Enquirer: 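The structure that follows is given in the form of structure tokens.
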Amino acid sequence: MYLYIQLAITGVSMGMLYALMAMGLILIVKAVGVLNFAHGQLFMLGSYLTFMLTHQWNLPLWGVVLCGIVVFAICGAAYMFACYWPLRNSPWKVTVIISTLGASIALEELVRIIWGSNPLTMKPIVEGTLYIGSAYLSYQYLFIILIGGGLMAFVYFLFEKSFIGKLMQATAQDRYAADLIGIPTVVAIVATYMISMCLSGTGGWLAGPLFLVSQSLSSFAQKAFAGIVLGGFGSVKGAIVGCILIGLIESFSLLITDSYKDAIVFLVLIIVLVVRPTGIFGEKIAEKA
């Protein structure tokens with residue numbers, strides 16, 4: 001019984017990490033209709049940047065949070081102006097997607113030049129261990145669930161309840177019409193990229209103490225993509241549910257095998273897609289202007 005509790009909490013916390021990345025992906029898809037293949041590298045970059053703030057600059061926790069938000073926002077804006085904005089009017093829509101593939105390689109080389117190729121150790125944000133009978137959990141996992149849930153609630157409030165969110169949704173639905181009625185679409189798109197980077201960067205910060213700070217963190221994007229497809233491409237709610245399911249499947253697959261847990265995750269994904277090709281909360285994504 002205690003083992004199942006441990007696996008469930010671990011699975012939910014891993015699903016939260018995937019969901020933070022998946023929400024950022026979906027927001028960009030909804031805003032500009034582009035699938036960002038460098039999102040895993042942005043997740044990885046967030047881990048390296050918070051390592052710099054924590055261990056190289058020795059900032060306290062509140063300083064890491066404040067500076068992290070600013071740095072993530074700047075990186076998100078720079079990424080948008082480098083990879084999307086110059087190519088937004090290209091007659092070949094695939095051009096922007098190819099630029100994200102190039103950006104993924106460039107980001108990996110950038111962190112290798114700055115921080116080297118060896119994995120770096122980051123101290124847990126919340127130290128300590130919770131014992132539940134014979135099971136034990138690092139407080140870091142519980143912290144991930146808390147922060148992940150808070151960020152998801154914030155994104156929901158921002159997009160569904162705030163005026164800024166309405167402007168961003170209008171830009172996402174029809175950029176040309178939004179321009180006609182005076183909505184600053186450039187600002188809305190930049191804000192979307194900033195929020196997307198903040199979500200992924202925070203995920204990298206939370207994952208760093210558990211998995212070391214290394215370029216392999218970019219592989220988390222595979223599970224985030226799987227969660228998006230499982231939940232239904234284009235649905236933020238579906239991405240969250242799908243990623244948490246992916247985390248739980250990955251965690252409980254340890255009861256069967258340790259070596260092939262990724263194979264079990266994607267086998268379940270294939271089975272679900274055969275039964276329901278649109279995913280759990282699938283919705284049609286309209287073509288963007």
Side-chain angles (χ1 to χ4, degrees), residues 10 13-14 16-18 20-22 24-25 28 36-84 97-128 138-141 143-144 147-148 151 193-194 196-225 247 250 258-259 261-262:
T10 302
S13 63
M14 292 302 301
M16 286 290 185
L17 291 177
Y18 303 145
L20 289 174
M21 187 185 301
L25 276 165
I28 292 178
N36 180 21
F37 283 103
H39 214 72
Q41 282 69 27
L42 294 177
F43 182 90
M44 169 201 69
L45 179 63
S47 187
Y48 275 101
L49 290 174
T50 49
F51 173 85
M52 176 187 70
L53 297 175
T54 304
H55 293 79
Q56 294 179 314
W57 292 9
N58 296 315
L59 295 180
L61 180 60
W62 63 267
V64 174
V65 173
L66 294 178
C67 291
I69 292 173
V70 174
V71 172
F72 294 158
I74 292 173
C75 288
Y79 181 81
M80 190 280 283
F81 283 112
C83 296
Y84 168 71
I97 298 177
I98 293 174
S99 75
T100 67
L101 292 172
S104 67
I105 300 173
L107 287 171
E108 289 192 356
E109 292 302 320
L110 177 65
V111 299
R112 183 181 291 115
I113 292 172
I114 297 175
W115 289 282
S117 56
N118 294 326
L120 305 173
T121 302
M122 184 186 294
K123 294 180 181 179
I125 302 170
V126 180
E127 298 186 10
S138 169
Y139 282 126
Q140 181 74 15
Y141 287 102
F143 185 70
I144 289 172
I147 298 300
L151 287 174
Y193 271 85
M194 286 180 172
S196 176
M197 178 61 203
C198 285
L199 291 173
S200 293
T202 302
W205 178 40
L206 297 172
L210 298 176
F211 300 96
L212 299 179
V213 180
S214 68
Q215 295 172 28
S216 64
L217 288 176
S218 61
S219 64
F220 275 51
Q222 299 174 5
K223 303 291 177 59
F225 277 118
E250 181 183 32
D258 184 23
S259 302
K261 61 179 182 178
D262 289 346

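Bear in mind the structure is a predicted one, so any value in this text is a computation, not a measurement.
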Enquirer: Under 3.5 Å, is there a donor-acceptor pair linking the side chains of Tyr18 and Glu250?
Expert: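 Yes, because at least one side-chain N or O of Tyr18 sits under 3.5 Å from a partner of the opposite role on Glu250.
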Enquirer: At their closest point, which heavy atom of Ile125 faces which heavy atom of Trp205, and how far apart are they?
Expert: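 Minimum heavy-atom separation between Ile125 and Trp205: CD1-CE2, 3.4 Å.
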Enquirer: Sequence neighbours excluded, which residues qualify as side-chain hydrogen bond (donor to acceptor under 3.5 Å, both in side chains) partners of Gln56?
Expert: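 Only Trp115 meet the side-chain hydrogen bond (donor to acceptor under 3.5 Å, both in side chains) criterion with Gln56.
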Enquirer: Show, in sequence, the C-alpha distance, side-chain angles and deciding distance for Ile144 and Leu210, and conclude whether the side chain to side chain contact (heavy atoms under 4.5 Å, CB included) test is met.
Expert: CA-CA 11 Å; Ile144 289 172; Leu210 298 176; 3.5 Å; yes
Enquirer: Taking all non-hydrogen atoms of both residues into account, name the closest pair between Met122 and Ser47 and its distance.
Expert: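 Looks like CE-O, 3.4 Å.
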Enquirer: Do any N or O atoms from the side chain of Ser104 and from the backbone of Ala38 form a donor-acceptor pair under 3.5 angstrom?
Expert: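 Checked: no pair found.
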Enquirer: Hey, what do you get for CG (Leu25) to OG (Ser200), rounding to the nearest 0.5 Å?
Expert: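 That separation rounds to 6.5 Å.
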Enquirer: Using side chain to side chain contact (heavy atoms under 4.5 Å, CB included), reason through Leu151 and Leu20 one step at a time and then give a plain yes or no.
Expert: CA-CA 8 Å; Leu151 287 174; Leu20 289 174; 3.8 Å; yes
Enquirer: In this structure, which one of Phe72, Phe220, Phe211 forms a ring-ring contact (aromatic ring centres under 6.0 Å, His included) with Phe43?
Expert: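 That would be Phe220.
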Enquirer: Look only at the side chain of Ser99 and the backbone of Cys83, and say whether a donor-acceptor pair between them is shorter than 3.5 Å.
Expert: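 Yes; judged by distance alone, with no hydrogens or angles, the pair exists.
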Enquirer: What distance separates Glu109 CD from Ser117 OG, expressed to the nearest 0.5 Å?
Expert: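 Answer rounded to 0.5 Å: 10.5 Å.
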Enquirer: Measuring from atom OH of Tyr48 to atom CG of Leu53, what distance do you get when rounded to the nearest 0.5 angstrom?
Expert: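 Nearest 0.5 Å value for the OH-CG distance: 15.0 Å.
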Enquirer: Look at the side chain of Ser196 and the backbone N and O of Gly24, then say whether any donor-acceptor pair between them is shorter than 3.5 Å.
Expert: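 Yes; judged by distance alone, with no hydrogens or angles, the pair exists.
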Enquirer: Please name the pair of heavy atoms, one in Ala77 and one in Met194, separated by the smallest distance, quoted to 0.1 Å.
Expert: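 Smallest interatomic distance, heavy atoms only, reads CB-CE, 3.6 Å.
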Enquirer: His55 side chain to Lys123 main-chain N or O, any donor-acceptor pair under 3.5 Å?
Expert: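 A pair under 3.5 Å: yes.
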Enquirer: What is the minimum heavy-atom distance between Thr121 and Phe51, and which atoms define it?
Expert: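 The pair with the smallest heavy-atom distance is O-CE1, 3.4 Å.
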Enquirer: Taking all heavy atoms of Leu107 and all of Leu45, pick out the closest pair and write down the distance.
Expert: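 Distance-wise, the nearest heavy atoms are CD2-CD2, 4.2 Å.
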Enquirer: Test of understanding: with side-chain hydrogen bond (donor to acceptor under 3.5 Å, both in side chains), list the residues that count as partners of Ser214, not counting sequence neighbours.
Expert: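 Only Ser216 meet the side-chain hydrogen bond (donor to acceptor under 3.5 Å, both in side chains) criterion with Ser214.
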Enquirer: Using 0.5 Å steps for rounding, measure from the OG1 atom of Thr100 to the CD1 atom of Ile105.
Expert: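 Answer rounded to 0.5 Å: 10.5 Å.
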Enquirer: List the residues meeting side-chain contact (heavy atoms from CB on, under 4.5 Å) with Leu66, not counting sequence neighbours, and say none if there are none.
Expert: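 For Leu66 the side-chain contact (heavy atoms from CB on, under 4.5 Å) partners, ignoring immediate neighbours, are Trp62.
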Enquirer: Measure across Met21 and Ala221 and return the closest heavy-atom pair with its distance rounded to 0.1 Å.
Expert: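 Taking Met21 first and Ala221 second, the nearest heavy atoms are SD-CA, 3.3 Å.
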Enquirer: With rounding to the nearest 0.5 angstrom, report the CG to CG distance, Leu49 to Leu42.
Expert: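 Leu49 CG to Leu42 CG: 10.0 Å, rounded to 0.5 Å.
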Enquirer: Any side-chain to backbone donor/acceptor pair from Gln215 onto Met44? Under 3.5 Å, distance only.
Expert: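 Such a contact is absent between Gln215 side chain and Met44 backbone.
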Enquirer: Could you check whether Tyr84 and Tyr79 have their ring centres less than 6.0 Å apart?
Expert: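 Tyr79 vs Tyr84: aromatic centres not under 6.0 Å.
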Enquirer: Between atom CE of Met52 and atom CG of Leu120, what is the distance when rounded to the nearest 0.5 Å?
Expert: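 Rounded to the nearest 0.5 Å, the CE-CG separation comes out at 12.5 Å.
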